[in-house]
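Since the structure comes first, as structure tokens, the remarks are kept for the end.
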Amino acid sequence: MKSGLSKPRLGHLRDLLDASVEHGDLPGYVAIVHRRGETYVAVGGALAAGGREKMRRDTIFRISSLTKPVLAAAAMSMVEEGSLRLDDPVEELLPELADRRVLKCVSSPLDDTVPAARSITLRDLLTFRLGIGAVMDVSSRHPIQEAMEQAGVAPSPFMPTVTPDRYMARLGELPLIHQPGERWLYHTGSDVLGILLARAADRSLAEVLQERLFEPLGMKDTGFHVPADKLKRLAGAYGYDPAAGKLVCVDEGKDGRWSQPPIFEAGSSGLVSTADDYLSFCCMMLAKGRHGRKSLLSRPTVELMTTDQLLPSQKEGAELFLGDAKSWGLGLAVTVRRTDLWETPGRFGWDGGLGTSAYTDPQEGLIGILLTQRMMDSPQPPRAYTDFWSGAYQAIDD
């Protein structure tokens, strides 16, 4: 095979994923391994847990945080044309973020603050250094975490239930957790970034992404909701219930959250897509911004996006997300240290909390995409994830 992938070893990858279905860990899956123009696809299980309808290659999944790299690519296309600039303050378009106050420490009461040392920039949003986001402190609960939840702006795999303007108003009433640029905090930067792009373009975020990425890349099944004529292809979403000892549905297909246009188009986690649609996006990124004869992003832009942007001090507290092998570029994770079969320096992509994973490895010329319906139960991924990635890399035979 010109791909340099072993057919028998790819068959072993399928066996590993099928075993996860048989053991009840996954209702179903669609997996892609792409290398040198050749695409291997494995499909298994059912559209719904306990259902009879088989999973299909064109099944639509909630890709959750795989939305983040897509959003970042759209943002950088606007930087390239000059409608946005990486180091300009965002408060001109997001006045709710002007004149920030910052907690003296993460456990401080909400009124125990100091002034922000500088404004928040677009670069801060893309690198998750805007100063607010998920606090991964399992030892205690802090006032800022309670306040974010009560305001409806706490990080979640589901889209916020308030309008973008109301979301920004509520976020603007809260202090920052860290000074802008000081620390990586997950998730919130992408929701704010999505609002920024929509305001900059004076269009909905869906329209921005459709024009800049989905239409030119042929991503015909990707969006913030599933039209009625495609709902039969939308998989259910499931989480593990320890009390019941089984997977339970957290979002239905036909009548679920993605069956109607959302009130908030979440740049952090709102997209649905198919394996082939997302492969088109990944192939563009692997080709340094090119798709066929079109250049959607420049090579230097893609190289910037996929280069580590964090200092060691800025990653403190992010170990649950980034571990000791990853860091963060612009809107996606970047592997900086080889610690496993699949962790090769320069590899980039991310995982989604509702059961998705997609990474591109320029060194190996390899793209892997795993779409499942299994919600993540902890920062440690389900076994199917590690089985998929070890299976993809052990198939390399050159």
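Small disclaimer: the values here were computed from a predicted structure and weren't measured.
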(message) Once ring-ring contact (aromatic ring centres under 6.0 Å, His included) is applied, what residue pairs with a partner in residues 5-57 remain, sequence neighbours excluded?
(response) none

(request) Any pair with a residue in residues 147-182 that passes ring-ring contact (aromatic ring centres under 6.0 Å, His included), sequence neighbours left out, goes on the list, sorted by first then second residue, please. (result)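 Listed by first then second residue: Tyr167-Phe264.
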
With sequence neighbours left out, write down each residue that passes salt bridge (charged side-chain N to carboxylate O under 4.0 Å, His left out) with [X], or none if nothing qualifies.
X	result
Lys288	Glu303
Lys246	none
Arg212	Glu81
Asp276	Arg57

(request) Using atom types as modelled and distance alone, determine if a side-chain donor or acceptor of Glu149 lies under 3.5 Å from a backbone N or O of Glu146. (result)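 Flag not set: sc Glu149 to bb Glu146 has no pair under 3.5 Å.
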
Listing request: all side-chain hydrogen bond (donor to acceptor under 3.5 Å, both in side chains) pairs with a residue in [range], at least two apart in sequence or in separate chains.
range	result
residues 260-269	His187-Ser268, Asp191-Ser268
residues 364-375	Arg35-Glu364, Arg374-Asp377
residues 330-346	Asp324-Arg337, Lys326-Glu343, Thr335-Glu343, Glu343-Arg347, Thr344-Asp361

(message) Taking ring pair (Phe, Tyr, Trp, His ring centres under 6.0 Å) as the definition, give me every residue that meets it alongside Phe214, ordered by chain and number, with sequence neighbours left out.
(response) none

(request) Not counting sequence neighbours, which residues clear ring pair (Phe, Tyr, Trp, His ring centres under 6.0 Å) with Trp350? List them please. (result)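 Scan of Trp350 (ring pair (Phe, Tyr, Trp, His ring centres under 6.0 Å), adjacent residues dropped) gives Tyr186, Trp328.
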
(message) Starting from Val248, can I reach Tyr238 by hopping between I/L/V/M/F/W/Y residues whose side chains sit under 4.5 Å apart?
(response) no

(message) List the residues meeting side-chain hydrogen bond (donor to acceptor under 3.5 Å, both in side chains) with Arg85, not counting sequence neighbours, and say none if there are none.
(response) none

